[in-house]
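Worksheet: the structure to be examined is printed underneath.
No experiment lies behind these values; they were computed from the predicted model shown. Each chain gets a letter, A, B and so on, in the order its sequence line appears, and its residues count up from 1.
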2 protein chains.
Amino acid sequence: MASRRPYRRESEERRRDDLIAAALDLVAEGGLHAATVRAIADRAGVTPGLIRHYFSSKEDLTRVAYHRLMEQMTADSAAVLQDGPEDATARLANFVVASVSPPVADPVAVGLWAAFVHDVRRDTEMRHVHTTNYLSFRNMLQGLIAALPRAVNDRQLLCDAIACNGVIDGLWLEGSILPEAFEPGEIASIALTSVGAILNVNLVAAYQPDRTTP
Amino acid sequence: MASRRPYRRESEERRRDDLIAAALDLVAEGGLHAATVRAIADRAGVTPGLIRHYFSSKEDLTRVAYHRLMEQMTADSAAVLQDGPEDATARLANFVVASVSPPVADPVAVGLWAAFVHDVRRDTEMRHVHTTNYLSFRNMLQGLIAALPRAVNDRQLLCDAIACNGVIDGLWLEGSILPEAFEPGEIASIALTSVGAILNVNLVAAYQPDRTTP
DNA sequence: TATCTTGTTATACGGTTGTGTAATTCAACG
DNA sequence: CGTTGAATTACACAACCGTATAACAAGATA
């Protein structure tokens, strides 16, 4: 006699998006083990069975969710380059600061990212996603460095990109995991100084805070 | 009629050590979800019930295991400073290289470390362990930097330590997760160059490879 | 309004999880 | 050598996991 739960039919894209978002939400809140099939479905407002209708397995959903997360993080970084200054040094400075500031640097984002590290090492497909996004970010950085008014060969340029990427990643990590251990703006300031020192360029002076939101 | 499994009584310390080691082993191999009570006990050569005899809960064991892991990683870093050269610049150079080389930099170690990041954010006690070890490492680094023959104030010294720590952590991370993306020694070389650039010291020239194992 | 497709729910199943409790057997002690 | 205490095993239990399958109903089509 009990009537079935009423529902609405949604587009495949919408449902997949909702399920992926719900999965990432739960991983961010409670770690990988909190993102169970039932919890994900509940968060997305559907019943558990629907997950297997849109994803061949939970592992499939996990992979897709990781893909989505990495896309988002790379897009957040790239967004800074839109509507920025034209001066090459200023562009690099803004990019560096953005990479170690919210929303890119964020405790939740780091927790989310870390949750997948082990799977990245194990799963070929996930490792491919990771490599692609890592190189994408580094190439963005390398492009900005190459545009600087200084003369270096290709070999040196690559080393510079790796080194600067290292500083950024390290500060991103520490600032996100232990935000209370640093004063506001301290990480950004240190990032500018050290990347500038590696490239022998004054990034502190070139940095132009965002003026698009007055 | 079935006889019970024979066993030997061991000291509390030995049993706790075995269980912790087994737990870390399993997390390294298969992620946090692989370290179940039964799997840990099996790996340690005991039955599952024994875990609850030495640890009040599985969460308790997890915390202790994380503590042990961090102690080990810090100890590995500090070990480099034993039996090293006396010259301050050379000591720093050796420390930097060791921090981004095996066994400190290692895919398994990173996977292990990442598995606990989420819990660190959530659990107060684990966050305390993390903070302690992070500051311990950074202070070691700061001590090495302070010994360099150059004049800087305390404020600058702290910033230098944070920055250098950032480079090291970032390169440690990338070199460990994507070891095949770099040539042998490339990460170490870049680490020396960039830390040297930040501190305005020639670390490449000062680096003295270990001569204790000819 | 009647029909059909399929998105969605409902339910069942075997396996696994962490935990609680009682039964054993080891090893030290008198 | 018998006794005793506790380290260890054995077992039970409820909750939860991911998956499979069948029944239903929503909404487009005619």
Side-chain angles (χ1 to χ4, degrees), chain A residues 1-24 26-27 29-66 115 118-119 122-123, chain B residues 1-27 29-66 115-116 118-119 122-123:
Chain A
M1 269 293 101
S3 68
R4 274 190 163 215
R5 150 184 187 160
Y7 61 91
R8 286 206 329 134
R9 295 190 171 204
E10 299 284 357
S11 70
E12 171 170 352
E13 188 187 359
R14 168 69 186 278
R15 278 278 129 95
R16 289 177 69 98
D17 281 359
D18 285 353
L19 289 171
I20 291 169
L24 290 176
L26 287 164
V27 173
E29 290 174 15
L32 260 182
H33 72 279
T36 67
V37 171
R38 286 167 178 81
I40 293 170
D42 197 54
R43 174 77 51 119
V46 297
T47 50
L50 197 59
I51 290 183
R52 300 291 316 287
H53 187 259
Y54 287 110
F55 301 93
S56 64
S57 69
K58 197 207 168 187
E59 190 183 353
D60 183 26
L61 169 56
T62 302
R63 267 197 283 254
V64 175
Y66 176 67
H118 181 272
D119 298 295
R122 201 175 202 194
D123 188 289
Chain B
M1 268 293 100
S3 68
R4 275 190 162 215
R5 151 186 187 156
Y7 61 92
R8 286 208 328 135
R9 296 190 170 200
E10 299 285 355
S11 70
E12 171 169 352
E13 188 187 359
R14 168 69 188 277
R15 277 279 130 95
R16 289 177 68 97
D17 281 359
D18 285 353
L19 289 170
I20 292 169
L24 289 177
D25 260 22
L26 287 165
V27 173
E29 289 175 14
L32 260 182
H33 73 278
T36 68
V37 173
R38 287 166 178 83
I40 294 170
D42 196 55
R43 173 81 47 125
V46 297
T47 50
L50 196 60
I51 290 182
R52 301 290 315 286
H53 187 259
Y54 286 110
F55 301 93
S56 64
S57 68
K58 197 207 166 186
E59 189 183 352
D60 183 26
L61 169 55
T62 302
R63 266 197 284 256
V64 175
Y66 176 67
F116 292 103
H118 180 271
D119 298 296
R122 201 177 201 193
D123 187 290

- Message: Exactly one of B/L32, B/T62, B/I40 should register a side chain to side chain contact (heavy atoms under 4.5 Å, CB included) with B/V27. Which one does?
- Response: B/L32

- Return the value, rounded to whole Å, for the distance between atom CG of A/D60 and atom C1' of D/dG18. 14 Å

- Task: Measure the distance from CD1 on B/I40 to P on C/dG18 and round it to the nearest whole Å.
- Result: 7 Å

- Please give, in whole Å, the distance from C/dA28 P to B/E10 CD? 11 Å

- So, are A/D18 and A/R14 salt-bridged, with charged N and O less than 4.0 Å apart? yes

- Query: Hey, is the side chain of B/R4 pairing donor to acceptor with the base of C/dT25 inside 3.5 Å?
  - Reply: no

- Task: Sorted by first residue and then second, give each salt bridge (charged side-chain N to carboxylate O under 4.0 Å, His left out) pair with at least one member in residues 46-60 of chain B; sequence neighbours left out.
- Result: B/E59-B/R63

- Query: Quick one: are A/V64 and A/F55 in side-chain contact, heavy atoms under 4.5 Å?
  - Reply: yes

- Query: B/I51 has an atom CD1; how far is it from atom C1' of D/dA7, in whole Å?
  - Reply: 15 Å

- Task: Name the nucleic acid region contacted by A/T47, choosing base, sugar-phosphate or nothing; use a 4.0 angstrom heavy-atom cut-off, strictly under.
- Result: base

- Answer yes or no: side-chain N or O of B/R5 and base N or O of D/dA10 forming a donor-acceptor pair under 3.5 Å. no

- Item | Length of the CG-C1' vector between B/L61 and C/dT19, whole Å | 14 Å

- Going by modelled atom types, is there a donor-acceptor pair between the base of C/dT8 and the side chain of A/R9 at under 3.5 Å? no

- Task: Would you mind classifying the nucleic acid contact of A/F55 as base, sugar-phosphate or nothing, using non-hydrogen atoms under 4.0 angstrom?
- Result: nothing

- Would you say the side chain of A/R52 and the base of D/dA20 hold a donor-acceptor pair, judged only by whether the two atoms sit under 3.5 Å apart? no

- Of all heavy-atom pairs between B/R5 and B/T47, which one has the smallest distance, and what is that distance? NH1-CG2, 3.9 Å

- Message: When you measure from the side-chain N and O atoms of B/H53 to the phosphate of D/dA7, is any distance below 4.0 Å, counting only OP1 and OP2?
- Response: yes

- Query: Rounded to whole angstroms, how far apart are CG on B/D42 and P on C/dT17?
  - Reply: 11 Å

- Message: Using a 4.0 Å heavy-atom cut-off, does B/E12 contact any base of the nucleic acid, only the sugar-phosphate backbone, or nothing at all?
- Response: nothing

- Message: I need the CZ-P distance between A/R14 and C/dT8, as an integer number of Å.
- Response: 11 Å

- Message: Quick test of your reading of the model: are A/R15 and A/E13 salt-bridged, counting only N-O distances below 4.0 Å?
- Response: no

- What nucleotide among D/dG18, C/dT9, D/dG27 has an atom nearest to a side-chain atom of A/Y7? C/dT9

- Item | Under-4.0 Å salt bridge between B/R122 and A/E29 | no

- Measure the distance from CG on B/L32 to C1' on C/dT17 and round it to the nearest whole Å. 14 Å

- Query: Side-chain N or O of B/Y54 less than 4.0 angstrom from OP1 or OP2 on D/dT8?
  - Reply: yes

- Query: Between D/dA25, C/dC26, C/dT19, which nucleotide has the shortest distance from any of its atoms to the side chain of B/V37?
  - Reply: C/dT19

Pairs under 3.5 angstrom, nitrogen or oxygen only, protein versus nucleotides 11-13 of chain D, please.
none

- Work out which heavy atom in A/R16 is nearest to a heavy atom in A/Y54; give both atom names and the distance. NH1-O, 2.8 Å

- Item | Closest to side chain of A/T36, choosing from C/dG18, D/dC17, C/dT9 | D/dC17

